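Inspection log for the structure reproduced underneath, given as structure tokens.
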Amino acid sequence: QKWGGVDAGAAEEIGKGAVIQIGDSAFNQMGMNEGLCKRYGQSLSRLAELLPDVRVISAPAPTTIGVMVEPQYLENLNCAHQDLVQNTLHENMSDAVVKVDVFSNLVSHNSEYIYFRTDHHWTQLGAYYAYTAFCEAAGFEAVPLDQFQTGRYDTFLGSMYGFTQGYPQSEVLKQNPDYLEYYLPIADTHARYYADGKLENGTPVSVVYTELDASVSNKYLCFIGGDTPICIVESDVQGPTCIVLKESYGNGFVPYMLDYYEQVVVVDIRKDTASVASIIEKYNVTDALIINNCQAAISLQPDLKAKVLS
């Protein structure tokens, strides 16, 4: 199979460091910590053990560099092979955890616009291919891509541009901005976010904002209102309830879930919220999806452990 991502071998110059720049694309450096991967896996195993009536599903999301840059160049860039990261996470989880191979599905589509070049997130098309892998593992039938209504924000300069702003290399990013294409849930939905675990006085949000104000430069905020502590999304589908433990990669994924679940309780693992056990009991949760990018799975492992044991 011909490699469809960024051709690091053809690059005239590669900027190295915490931000790696290859041509008009910028990437976060991504390392490996086997010990933290092991603890992350153990946390999910513990969640499945504590909640035997809840199906625990692991879907670690590879970051841009692991999918878009050929593996042969990663060592020279001091970056981990993210199939190895994903496999290490999953090898340390019990058989009670459903494991989603997100990495392989994304690599097979890396000739498509599945990651932003100026932002550290996947595009919602990238999240779609993660969703199809999730459906296969979880026993759902994925909705064909052409059945979704779509829209687009034409100009988006994201976090990686922000990290390089003020340095000469930012100019090539500025001259080649991203765009953001979104896919709307087929089901009718409504959502509220809550500032803390009391789940009182929720603020209405859209599952996908189709008309962000021009003053909002971070277009990725169009998904579920961004990183709120708890967001409860309801659809007109007659189905089960899922809790999602995530960081921001999960935001672009959640809209796809509303065609299967009647209710999705989205919990940001970095925020102060009610205990996971109490949320699961309150909303009669049957599935728990843990979706964090591989870098966050390592760096935020203590946050996830605290959530799981809360």
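Treat the numbers as computed from the prediction; the structure is a model and nothing was measured. One is the number of the first residue; the rest follow in order along the sequence.
For the pair Leu212 and Asn218, the minimum side-chain heavy-atom distance is 4.5 Å or more. The side-chain heavy atoms of Tyr153 and Tyr179, taken from C-beta on, include no pair separated by under 4.5 Å. Between Arg152 and Tyr182, the closest side-chain pair of non-hydrogen atoms is not below 4.5 Å. Two residues are said to be in side-chain contact when any heavy atoms from C-beta on lie closer than 4.5 Å; Ser25 and Met68 fail this criterion. You'll find the side chain of Asn176 reaches within 4.5 Å of the side chain of Arg117, heavy atoms only. Between Val205 and Ile224 the shortest side-chain heavy-atom distance does not fall below 4.5 Å. Looking at Thr123 and Tyr128, their side chains never come closer than 4.5 Å, going by heavy atoms from C-beta outward. Considering only heavy atoms from C-beta on, Asp268 stays 4.5 Å or farther from Tyr193 through its side chain.
Panel note: side chain Asn110, backbone Leu106; no donor-acceptor pair is recorded below 3.5 Å. The backbone N or O of Gln29 lies less than 3.5 Å from a partner atom in the side chain of Gln295, making a donor-acceptor pair. Between the side chain of Tyr220 and the backbone N or O of Gly158, no donor-acceptor pair lies under 3.5 Å. Of the possible polar contacts, one joining the Gln21 side chain to the Gln169 backbone as a donor-acceptor pair under 3.5 Å is found. In this structure a side-chain-to-backbone donor-acceptor pair under 3.5 Å is present from Lys99 to Val97. Looking only at distances, no side-chain donor or acceptor of Glu247 sits under 3.5 Å from a matching main-chain atom of Ala296.
Residues Gln263 and Tyr283 share a closest heavy-atom pair of NE2-CD2, 3.5 Å. Contact between Val100 and Ala137 at its shortest, heavy atoms only, is CG2-CB, 3.8 Å. Listed here is the closest heavy atom pair of Tyr183 and Val208: O-CG2, 4.1 Å. Contact between Ile65 and Leu74 at its shortest, heavy atoms only, is O-CD2, 3.9 Å. Here the shortest heavy-atom pairing between Ile298 and Cys37 reads CG1-SG, 3.9 Å.
In this structure, the separation between CG on Leu199 and CD1 on Ile279 is 6.5 Å, given to the nearest 0.5 Å. The structure places CG of Leu304 at 11.5 Å from CG of Leu36, a figure rounded to the nearest 0.5 Å. In this structure, the separation between CG on Leu44 and CG on Asn92 is 11.0 Å, given to the nearest 0.5 Å. To the nearest 0.5 angstrom, Ile243 atom CD1 is 11.0 Å from Thr286 atom OG1. Within the model, atoms CZ of Phe223 and SG of Cys231 stand 13.5 Å from one another, a figure rounded to the nearest 0.5 Å.
The ring pair (Phe, Tyr, Trp, His ring centres under 6.0 Å) test with His109 singles out one residue from Tyr115, Trp122, Tyr129, and that residue is Tyr129. For the side chain to side chain contact (heavy atoms under 4.5 Å, CB included) with Cys294, the lone residue among Leu84, Val85, Val102, Asp83 that qualifies is Val85.
Between Phe253 and Tyr131, the ring planes lie perpendicular to each other; the angle is over 60°, past the 30° to 60° tilted range. Below 30°, between 30° and 60°, or above 60°: for Phe140 and Tyr261 the angle between ring planes is above 60°, a perpendicular geometry.
Using a 3.5 Å distance cut-off with no hydrogens or angles, the side chains of His120 and Thr64 do not pair a donor with an acceptor. One side chain, Thr132 or Asn105, offers a donor N or O that lies under 3.5 Å from an acceptor on the other. Residues Tyr194 and Asn201 bring no donor and acceptor atom of their side chains to less than 3.5 Å of each other. A side-chain N or O of Asp119 and one of Ser159 form a donor-acceptor pair less than 3.5 Å apart. Side-chain contact, Thr63 with Gln82: a donor N or O sits under 3.5 Å from an acceptor N or O. Checked by atom type, the side-chain pair Asp178/Thr118 shows a donor-acceptor distance below 3.5 Å. Inspection of the Asn292 and Tyr40 side chains reveals an N or O donor paired with an N or O acceptor under 3.5 Å.
Other residues, nucleotides and ligands contribute only 12 or fewer heavy atoms inside 6.0 Å of the CD atom of Glu281. Summarising the local packing, NZ of Lys38 is surrounded by 12 or fewer heavy atoms from other residues, nucleotides or ligands at distances under 6.0 Å. Within 6.0 Å of CG on Asp95 lie no more than 12 heavy atoms contributed by other residues, nucleotides or ligands. The number of heavy-atom neighbours closer than 6.0 Å to CD of Gln147, taken from other residues, nucleotides and ligands shown, is above 12. The environment of Glu181 atom CD is dense: over 12 non-hydrogen atoms of other residues, nucleotides or ligands sit within 6.0 angstrom. Within 6.0 Å of the CD atom in Glu211, the count of heavy atoms belonging to other residues, nucleotides or ligands does not exceed 12.
Applying the salt bridge (charged side-chain N to carboxylate O under 4.0 Å, His left out) test to residues at least two apart or on different chains, none of the pairs has a partner in residues 160-175. Sequence neighbours left out, the pairs with a member in residues 39-66 that pass salt bridge (charged side-chain N to carboxylate O under 4.0 Å, His left out) are Arg46-Glu49, Arg55-Asp287. For residues 217-242, the pairs satisfying salt bridge (charged side-chain N to carboxylate O under 4.0 Å, His left out) are Asp227-Lys246, Asp227-Arg270, with sequence neighbours left out.
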Audit row: Ser248, Asn251, side-chain hydrogen bond (donor to acceptor under 3.5 Å, both in side chains) steps and yes/no: CA-CA 5 Å; Ser248 57; Asn251 299 0; 5.5 Å; no
Steps toward side-chain hydrogen bond (donor to acceptor under 3.5 Å, both in side chains) verdict (Ser235, Glu262): CA-CA 5 Å; Ser235 77; Glu262 187 170 342; over 6 Å; no
Intermediate values then yes/no, side chain to side chain contact (heavy atoms under 4.5 Å, CB included), Tyr260 and Cys135: CA-CA 10 Å; Tyr260 307 105; Cys135 287; 3.7 Å; yes
Check against ring pair (Phe, Tyr, Trp, His ring centres under 6.0 Å), Phe116 and His121: CA-CA 6 Å; Phe116 297 113; His121 294 103; 7.5 Å; no
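Following chains of ILVMFWY side-chain contacts shorter than 4.5 Å, one cannot reach Tyr167 starting from Val19, and the two form parts of different hydrophobic clusters. Grouping the Ile, Leu, Val, Met, Phe, Trp and Tyr side chains by contacts below 4.5 angstrom, directly or via other members, places Phe27 apart from Tyr161. Follow the hydrophobic side-chain contacts under 4.5 Å out from Tyr113 and you never reach Leu173; the two are in separate clusters. Under the 4.5 Å side-chain contact rule for hydrophobic residues, Val237 and Phe134 do not share a cluster.
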